[in-house]
Amino acid sequence: MKALAELLSVDYGWLAFGIRPELDMEKRPARVLAESAAANLIAGFIQLAGGHCAFPEADEPSSFVDVYAILGNRQRALAIALAKLQENGKLRFSVTNEYAKCTVIGVVQTGIGSIDMYVIPPQLIERHGVLRGPSTDIEAEDKKAKGILIGGVTLSKIVDFKSDFARSLAN
């Protein structure tokens with residue numbers, strides 16, 4: 001089905017599920033590039049914190065993983081979701097449907113060269129996410145001083161991968 005979508009130059013989600021694509025086919029490469037850049041930034045921050053990273057092979061069965069991180073003597077599969085500002089002022093993260101098998105990190109660009117990172121727990125995705133074909137969308141509110149909220153729950157901000165990130169994954 002994916003090959004047919006490519007051949008016809010149409011969105012796979014639309015062809016397979018009848019779901020209207022979020023971005024038209026021309027804008028999609030720029031979005032994919034931005035999401036890849038977010039994954040590279042996360043990998044860089046993990047390495048700066050003394051961790052090690054690897055990227056999955058393209059044909060790997062766990063293609064939902066963006067980065068494998070080794071931090072605190074544990075390997076973690078990470079899925080990176082770049083926030084997109086909506087017309088209503090809220091943020092939307094599109095996360096893998098395999099979110100229960102990895103740790104989802106939401107990335108919010110806060111300026112040129114600056115981002116905020118948050119762990120998005122699978123329970124919040126399950127409760128507040130909306131299935132959109134190959135991904136699940138979850139809406140969040142940016143309350144500035146209070147942080148990012150999903151369903152009234154404040155997300156854990158990652159400031160330091162050695163402490164914040166490791167502590168949020170300890171349970």
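A heavy-atom distance below 4.5 Å is not found between the side chains of Ile158 and Tyr118. Side-chain contact between Ile105 and Ile120 is absent, with no heavy atoms from C-beta onward closer than 4.5 Å. Counting only heavy atoms from C-beta outward, the side chains of Thr103 and Leu78 approach each other to under 4.5 Å. Under the 4.5 Å side-chain criterion, counting only non-hydrogen atoms from C-beta, Leu131 is in contact with Asn97. Between Cys102 and Phe64 there is a side-chain heavy-atom pair separated by less than 4.5 Å. A 4.5 Å side-chain heavy-atom check between Pro121 and Leu155 finds at least one atom pair inside the cut-off.
Residue pairs satisfying the salt bridge (Lys or Arg N to Asp or Glu O under 4.0 Å) criterion with at least one member in residues 100-111, sequence neighbours excluded, are listed as follows: Glu98-Lys101. Sorted pairs that involve residues 119-131 and meet salt bridge (Lys or Arg N to Asp or Glu O under 4.0 Å), not counting sequence neighbours, are lacking altogether.
Taking a 6.0 Å sphere around CD of Gln75, one finds it holds more than 12 heavy atoms contributed by other residues, nucleotides or ligands.
The hydrophobic cluster containing Val153 does not contain Val119, counting ILVMFWY residues as joined when their side-chain heavy atoms lie under 4.5 angstrom apart, directly or transitively. In this structure, Met117 is not a member of the same hydrophobic cluster as Ile148, with clusters built from ILVMFWY side-chain heavy atoms closer than 4.5 Å. Note on Ile115: it clusters hydrophobically with Ile80, by side-chain heavy-atom contacts below 4.5 Å among ILVMFWY residues. With hydrophobic clusters built from ILVMFWY side chains whose heavy atoms lie under 4.5 angstrom apart, Val95 shares a cluster with Leu91. Residue Val108 is grouped with residue Ile138 when hydrophobic side chains (ILVMFWY) are merged at heavy-atom distances under 4.5 angstrom, including chains of intermediate members.
Checked by atom type and distance alone, the side chain of Gln86 never pairs as donor or acceptor with a backbone atom of Asn88 at under 3.5 Å. A distance-only check finds no donor-acceptor pair linking the side chain of Arg76 to the backbone of Ile70 [under 3.5 Å].
In this structure, the separation between CG on Asp137 and CD1 on Ile125 is 11.0 Å, given to the nearest 0.5 Å. Between Leu124 atom CG and Ile150 atom CD1 the span is 5.5 Å, to the nearest 0.5 Å. To the nearest 0.5 Å, atoms CG (Leu82) and CZ (Arg92) are separated by 11.0 Å. The line from OH of Tyr99 to CD of Gln123 is 9.5 Å long, rounded to the nearest 0.5 Å. Here Lys84 contributes atom NZ and Gln109 contributes atom CD; the two are 14.0 Å apart, rounded to the nearest 0.5 Å.
The shortest non-hydrogen separation linking Tyr68 to Pro56 is CE1-CB, 3.7 Å. For the pair Ala43 and Phe55, the tightest heavy-atom approach, listed with the atom from each and the gap, is CB-CZ, 3.8 Å. Of all heavy-atom pairs spanning Ala69 and Ile46, the tightest one is CB-CD1, 3.7 Å. Taking each heavy atom of Ser135 and Ser94 in turn, the nearest pair found is OG-CB, 4.2 Å.
The pair Glu139-Lys90 meets the salt-bridge criterion, since a charged nitrogen lies less than 4.0 angstrom from a carboxylate oxygen.
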